[in-house]
Amino acid sequence: MPKTEIKKTICPYDCPTSCGLLAETDGQTILGIAGDPGHPATKGLICRKMRHYEKSIHAAGRIMTPLRRTGPKGEGLFAPISWQEAVAEIRDNWQRIIEEQGPQGILPMYYSGVMSLIQRNCGDAFFNRMGACSLVKTLCSSAKQAGYAAVMGKTGCLDPRELRASDYYIIWGCNMKATQLQALPEIITGRRAGKKAVLIETWAEDMAAYCDQTILIKPGTDGALALAMMHILITEGLADEAFLLENALGFAEFKASLYQYTPAWAEGITGIPAATIVALAREYAAAKAPAIILGSGNSRYGNGGMTVRLITILSAFTGAWQHAGGGLCGCNPGNGQYVDVQRITRPDFRTNRPRKVNINQVASALNGAAGLPAVKSLFVYGGNPVGSVSNQADIIKGLLRPDIFTVVHERFMTDTARYADIILPAAFSVEQTDCYNAYGYCTFGVARRIISPPGQCKSNWDTFCLLAKAMGYGEEYFQQTEEEMLDELLSYPLPALAAISADDRAALEQGAVINMPFADHLHWQTQSGKMQIVNEDLEQPLPRYLESHGGPYPLRLVSVPSSYTLNSIFLERPELLQQRGLMILALHPEDAASRGISDNDSIVAFNDLAEVGFTARVTDKVAKGSAAAPGIYTRSASRNGLLVNALHHERLSDIAEATTMNDNTIEVKKA
Ligand SMILES: Nc1nc2c(c(=O)[nH]1)N[C@H]1C(S)=C(S)[C@@H](COP(=O)(O)OP(=O)(O)OC[C@H]3O[C@@H](n4cnc5c(=O)[nH]c(N)nc54)[C@H](O)[C@@H]3O)O[C@H]1N2
Ligand SMILES: Nc1nc2c(c(=O)[nH]1)N[C@H]1C(S)=C(S)[C@@H](COP(=O)(O)OP(=O)(O)OC[C@H]3O[C@@H](n4cnc5c(=O)[nH]c(N)nc54)[C@H](O)[C@@H]3O)O[C@H]1N2
Ligand code: SF4
Ligand SMILES: [Mo]
């Protein structure tokens, strides 16, 4: 028996906890994974996906060498080549494109495949140096962050561990079972102690069982619910007006606007009975330290920023923030970052004014929409736009163009990689060194390489250094190792990290996760030093009800996370895919019946963009008038080769230019 060791590492995926993991290794392979009981947020509890991370790391389908396309684009026919050949071919194509139309013919595309700071962000330095297009990275929760910041600035919200002290929970558009697993025990324990949990959802199949009450809401209308609740709080004298007058800007003006937003008005918009809204507002006010646990789903709309502003204001309306456990959880819980990410992204390397391409509009950039020239090269790393970005059919159309040179740095043959001209093999987190700033908790960690990358696989860092050498970029930055980059980050910490103890510093150097302090929730980190109910910097200074984009079809389509996968990650794991099952679209019984649709029927969802085949799931856990599509699949799992994002428009949110992937309408018929 070879000797094995247990080493600490950190989950690299786009999930708020950045869990601590214990990896058993023989030095060459990862033999098993467990949640780290010593991690301050994980406490040993990890999701089913990561419990067998070793199966992903050593999956049979892993890409091990650079590959060159040998058949027509998209057919998936490739032959192995060396890194030297791959890099030379990339360099030659890029140099030709730069000569023909300048570096802005090249579009880098990444999002959240790997969340550790160096590996995620290092490509920015390379593409800044090149002068390539600059990607506006708003694929996820930017409208939510901006909506919260419009009111709170950089004030840290609740760390989920603070929920223990709350006395009432509103779980607002958050599938905690899938996306906040380590916070769910606080709700379970709280309910055992008699605290109430209310769920406000469009699709409640996963979460209803964990809550005392489920309120189904019409997608994109949560702002109306928040306004009507605040109407009740004001008209019934339940708001903490003294607190608001002292701590917030614009309360008086906002208060005067609230009289129009009656529960009857909100019933017409949200589909929630007025009496339910009144009861919810009264219960919320009766609690001393109520917590709103806010997901990102309701921010992915044309009115998403405004919706989050309104919910954030509601979280302060009864003075809840003054009490431990009261307030809002789900935005940035710290008040800033711990390391200087610009040391990784190097904005100073850029000498031109970049052409900006919004990540939600990659389809248009590839096809030359809006009078702009089509880009000539796409470099994808840590992302799978064919599966996860809006307007799938046009993304595919763009990737099929013979004049676009596509490179994909990947671990698996994703639906995007199939369209590549060149594929480069990527490394897994345990094969690289990096630091992690959890986005849902106040923790910071370092994880060092445990095993070497297999075959020819390379980390993002090593790949960009190699490309930089080929392109003749002589900056010292590109000659460092990722370990040296990490040393630099830790040598120049931002104030919060600079203040840690010597013991914590030593632990970090070794590779560990350390606890950072919770935020002071009453120290408003805004320009004015107060909460900004009215925010003069915005196009709409006074918060009000905004309509979402909507559309002409009768059903509102929401895309929701699955607990068996994470965006398009884990599709290499047959056991998880089997448990997840067919590509379903959840419909309310009344919407199904009026269309002659029964559970398990083959159905087609369509709008002006595309038709997509699904299997019907008929359930009263989805709001009437809505359709919910959980999880991202591979195109081979779809009857017609298209996925739910083929039904998503490229429109953006009201603030922060963010995704509106939940803001689309469809009709559904039997196949
Ligand atoms: N297992 C698993 N974990 C994940 C992910 C995953 O795909 N799977 N994704 C990761 C990522 S990238 C992120 S960003 C995070 C958070 O991922 P998010 O996508 O923000 O997921 P949730 O926070 O759970 O919030 C989504 C919920 O919002 C609901 N919703 C949609 N529209 C509305 C609306 O108008 N009103 C209301 N009230 N609810 C609405 C949906 O039904 C859904 O249940 O999770 C991460 N963790
Ligand atoms: N229909 C639908 N669409 C969605 C969502 C949804 O729930 N439903 N969620 C939305 C949200 S919240 C988000 S954040 C986005 C996420 O969208 P993306 O950022 O595109 O994430 P994924 O689709 O998971 O693709 C990530 C890819 O990165 C690869 N990868 C992982 N680690 C590394 C690495 O170290 N280096 C390199 N080069 N590659 C690596 C993985 O193998 C994977 O193929 O999707 C959005 N789109
Ligand atoms: S995916 Fe999320 S819950 Fe699962 S181990 Fe990673 S951080 Fe933890
Ligand atoms: Mo996300």
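Only this structure's heavy atoms are used, side chains among them; waters, hydrogens and symmetry mates stay out. Each residue takes its place number in the sequence, starting with 1. Counting starts at 1 for both ligands and their atoms, following the listed order.
The cationic group of Arg191 does not satisfy the cation-pi geometry with Tyr210, failing either the under 6.0 Å distance to the six-membered ring centre or the 45° limit from the ring axis.
Near ligand 1, heavy-atom contacts under 4.0 Å come from Asp14, Cys15, Lys49, Cys140, Trp172, Gly173, Cys174, Asn175, Ala178, Thr179, Ile200, Glu201, Thr202, Trp203, Ile217, Pro219, Gly220, Asp222, Gly295, Ser296, Gly297, Asn298, Arg300, Tyr301, Tyr439, Val558, Val560, Pro561, Ser562, Ser563, Thr565, Leu566, Asn567, Asn662.
For the pair Asn662/Pro219, no side-chain contact is recorded, criterion being any heavy-atom separation below 4.5 Å from C-beta on.
At a cut-off of 3.5 Å, with distance as the only test, a side-chain donor of Arg573 or Ser56 sits close to an acceptor on the other residue. With no hydrogens or angles considered, no side-chain donor-acceptor pair links Glu267 and Trp265 at under 3.5 Å.
Taking CG of Leu643 as the start and OG of Ser636 as the end, the distance is 9.0 Å to the nearest 0.5 Å. Rounding to the nearest 0.5 angstrom, the gap separating the OG1 atom in Thr179 from the CD atom in Gln182 is 10.0 Å.
Atom numbering of ligand 3 starts at 1 in the shown order; those under 4.0 Å from a heavy atom of Gln182 are 3 (S), 8 (Fe).
Residue-and-atom listing of protein N/O/S atoms under 2.8 Å from atom 6 (Fe) of ligand 3, sorted by chain and number: Cys11 SG.
Taking 4.0 Å as the cut-off between side-chain N and carboxylate O, Asp124 and Lys137 count as a salt-bridged pair. No salt bridge links Glu572 with Lys55; every basic N to acidic carboxylate O contact stays at or beyond 4.0 Å. Salt-bridge annotation for Lys196 and Glu283: present, with a side-chain N of the basic residue lying under 4.0 Å from a carboxylate O of the acidic one.
Taking the six-membered ring where the residue is Trp, the centroids of Tyr53 and Phe428 are separated by under 6.0 Å.
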